[in-house]
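What follows is a set of notes on a single structure, which appears directly below.
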Amino acid sequence: MSSALDHDASSATGTATRGDASTALELELRHVQKAYPGSRQPAIPDLSLTVPAGEVCILVGPSGSGKTTAMRLINRMIPLTGGDILLGGRSVLERPETELRREIGYVIQQVGLFPHQTVRDNIATVPRLLGWPKDRIEHRVRELLELISLDPDEVGDRYPHQLSGGQRQRVGVARALAADPPLLLMDEPFGAIDPINRASLQDGFLALQERVRKTVVFVTHDIDEAIKMGDRIAILREGGTLAQYATPAEILDHPADAFVADFIGADRALKRLGLASLADVTLRPLNGDQPAGDLPVSTSVRDALAAVLAAGGRPLRVLEPDGGVRGLATLEAIGHVLGGAGELDGTGRPPARGQP
Amino acid sequence: MNPPVLIAAGGGGPIIPNFGGNGHAYACEQANRLFCWGWFSHNWSGTLWPALRQHVVLVLIAVAIGFAISMLLALLAHRFRPVEQPVIAFTSFLYTIPSLALFELLIPVPGLGLSRATAEVALVAYTLLILFRNILAGLRNVPADVLDAARGMGMSHRQMLWRVELPLALPAIIAGLRIATVSTVALATIAALVDNEGLGVPILSGINDYYFKTELIAAGALTVLLAVAADGMLVGVQRLLTPWSRGRAA
């Protein structure tokens with residue numbers, strides 16, 4: 001699998017797919033306005049935000065907050081009525097719609113795979129529109145199928161109706177990534193998937209994003225998904241105004257107002273714990289105590305709290321990946337995490353995944 | 001003024017030969033059995049086979065022209081909604097005209113008269129409603145999410161039409177072609193009233209023979225067989241062209 005990627009990165013195709021931030025572009029929404037004719041209030045009165053290259057920006061909010069509209073303005077599926085959108089410093093209005101869209105990956109909730117085409121042909125859609133040579137397309141399709149952990153020989157010639165819902169969604173993501181776009185738009189991509197498969201698709205996407213490092217705009221109505229997936233979260237309120245735009249940790253620690261606090265929920269302390277792992281906790285040294293059990297250091301603090309509570313409040317031993325003892329997780333140690341955000345890495349990413 | 005006499009007309013009317021002939025050559029013919037194999041095999045190569053071939057040509061031309069017109073109209077209506085209602089109204093009107101009347105009505109039209117062209121105009125007219133409706137329904141039934149994805153990936157209108165909408169409309173289009181073809185096979189027998197060819201000719205002749213019905217039965221059976229064969233072929237074509245729909249739960 002990695003050999004295919006290495007090969008591609010060094011070949012003349014120029015479609016680097018590994019942690020190469022140069023393939024991602026910064027996205028800037030500048031005083032974006034969308035008004036529909038015949039309605040008194042604009043769907044989006046004035047929205048400005050910048051997504052740094054290679055980061056995942058979540059648009060989240062209740063229905064009527066214009067989150068999907070905002071996303072669809074970016075690839076001009078809906079025409080702008082005011083302001084501008086810049087991708088890599090260049091206005092999206094400058095270029096023909098079709099050319100722009102071929103450069104922006106697009107994933108929707110219902111996936112929209114072409115039912116009359118095999119998985120292979122579906123993924124090859126944009127490269128074909130761009131007129132890539134046949135062998136380059138074939139190579140790229142293989143590589144993408146491996147990237148989303150599907151066997152090209154087994155799945156490549158199937159039709160969408162022969163796949164599971166989760167597989168379809170992964171193929172949808174692969175299709176969006178096919179031409180190595182600098183920006184990926186995702187509209188509730190996992191919204192129609194059952195909770196267990198959704199979690200694994202989310203993890204899969206985060207692992208993928210570790211490698212491809214695209215700029216991603218991700219729409220969801222689920223605040224837990226937003227906290228899990230986002231480098232930054234833009235919380236929109238009804239009427240299409242931005243309530244807060246910040247990292248998940250900042251939003252949980254310092255909600256901008258009552259609307260945000262209410263939207264993220266009363267259990268925001270617990271959600272905050274979910275963003276940290278035991279590696280972020282100042283553990284108590286093991287002074288001959290009798291621990292009630294062991295936890296790997298990669299455990300999220302939220303899960304660790306649950307484990308300690310399940311052990312009747314008795315401390316648990318925290319183990320390094322090599323088996324060494326790191327210390328004791330106690331209720332007090334865990335409580336300190338919420339005391340000061342400074343103790344955390346502040347990136348808002350659950351450190352349990354990816355970080356070496 | 002005399003109404004045009006179509007059947008068994010002498011002189012200027014269409015010549016509809018009585019293939020049964022008067023020389024009742026076979027025993028079964030003389031005994032007037034329901035079906036006379038001797039007569040059948042004797043008249044196969046000279047009468048029935050050419051009639052069958054003419055019939056196929058009549059149907060092919062009618063369905064091909066009808067399909068071309070319907071496809072054009074359906075694409076227009078798909079792009080511009082207001083086109084749909086007038087087309088439906090007009091083709092429905094055509095469809096409701098009794099076929100006997102339509103063939104007759106077309107005879108006085110300059111340039112048509114008693115000819116294959118007259119037959120084709122009428123046959124084409126009857127295919128339009130079915131084909132137009134089916135093609136348009138096929139194009140409209142393409143799922144919205146598929147179209148959204150196609151547009152979002154940067155397909156132009158033309159690319160969406162050729163790569164997504166038409167292929168996905170194929171099952172509905174072919175379903176329309178099947179109905180249109182089978183009904184045209186049947187209807188083309190009546191075309192013998194204005195155009196002296198096709199399986200309608202021996203059928204009319206058989207009708208006119210009060211006693212001997214082999215000719216009628218043979219030509220009628222050939223018509224049915226032709227319809228079944230054409231339908232079967234179209235099913236095969238659909239299976240070939242839409243491999244994705246095989247083994248798929250409807």
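A note on names: the letters A, B, ... follow the listed sequences, proteins ahead of strands, and every chain is numbered from 1.
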Does [X] use its side chain to pair, donor to acceptor, with the backbone of [Y] at less than 3.5 Å?
X: A:His116; Y: B:Pro243; result: no
X: A:Arg101; Y: B:Gly152; result: no
X: B:Arg151; Y: A:Met77; result: yes

Is it the case that more than 12 heavy atoms not belonging to [X] sit under 6.0 Å from its [atom1] atom?
X: B:Trp162; atom1: CH2; answer: no
X: A:Arg168; atom1: CZ; answer: yes
X: B:Phe40; atom1: CZ; answer: yes
X: A:Arg30; atom1: CZ; answer: no
X: B:Arg140; atom1: CZ; answer: yes
X: A:Arg95; atom1: CZ; answer: yes
X: A:Glu26; atom1: CD; answer: yes

Next item on the list: Select, from A:Gly112, A:Pro96, A:Gly105, the one with the greatest count of heavy-atom pairs under 4.5 Å involving chain B.
Entry: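 The answer is A:Gly112.
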Part of [X] within contact of chain B (heavy atom distance under 4.5 Å):
X: A:Val107; result: neither
X: A:Leu185; result: neither
X: A:Ile104; result: backbone

Item checked: Inter-residue atom distance A:Thr98.OG1 - B:Met153.CE, 0.5 Å rounding ->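 Output value for this atom pair is 13.0 Å.
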Notebook entry, point to check: Looking at OG of B:Ser156 and CD of A:Glu97, how far apart are the two atoms once the value is rounded to the nearest 0.5 Å?
Noted result: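 Between atom OG of B:Ser156 and atom CD of A:Glu97 there are 11.5 Å.
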Next item on the list: Give the minimum heavy-atom separation between B:Ala149 and A:Arg175, together with the two atoms involved.
Entry: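 Reported closest heavy-atom pair: CB-NH2, 3.3 Å.
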Margin query: With a 4.5 Å cut-off on side-chain heavy atoms, are A:Phe114 and B:Pro167 touching?
Written below: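 No - every pair of side-chain heavy atoms lies 4.5 Å or more apart.
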Checklist line | Student check: side-chain heavy atoms of B:Asp145 and A:Val111 closer than 4.5 Å | finding: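 No, too far: nothing below the 4.5 Å cut-off.
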Notebook entry, point to check: For B:Ala150, is it the side chain, the backbone, both or neither that has a heavy atom under 4.5 Å from a heavy atom of chain A?
Noted result: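 Both parts, backbone and side chain.
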Item checked: A:Arg72 with B:Asp148: basic N within carboxylate O range, under 4.0 Å ->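 A salt bridge is present here (some side-chain N lies under 4.0 Å from a carboxylate O).
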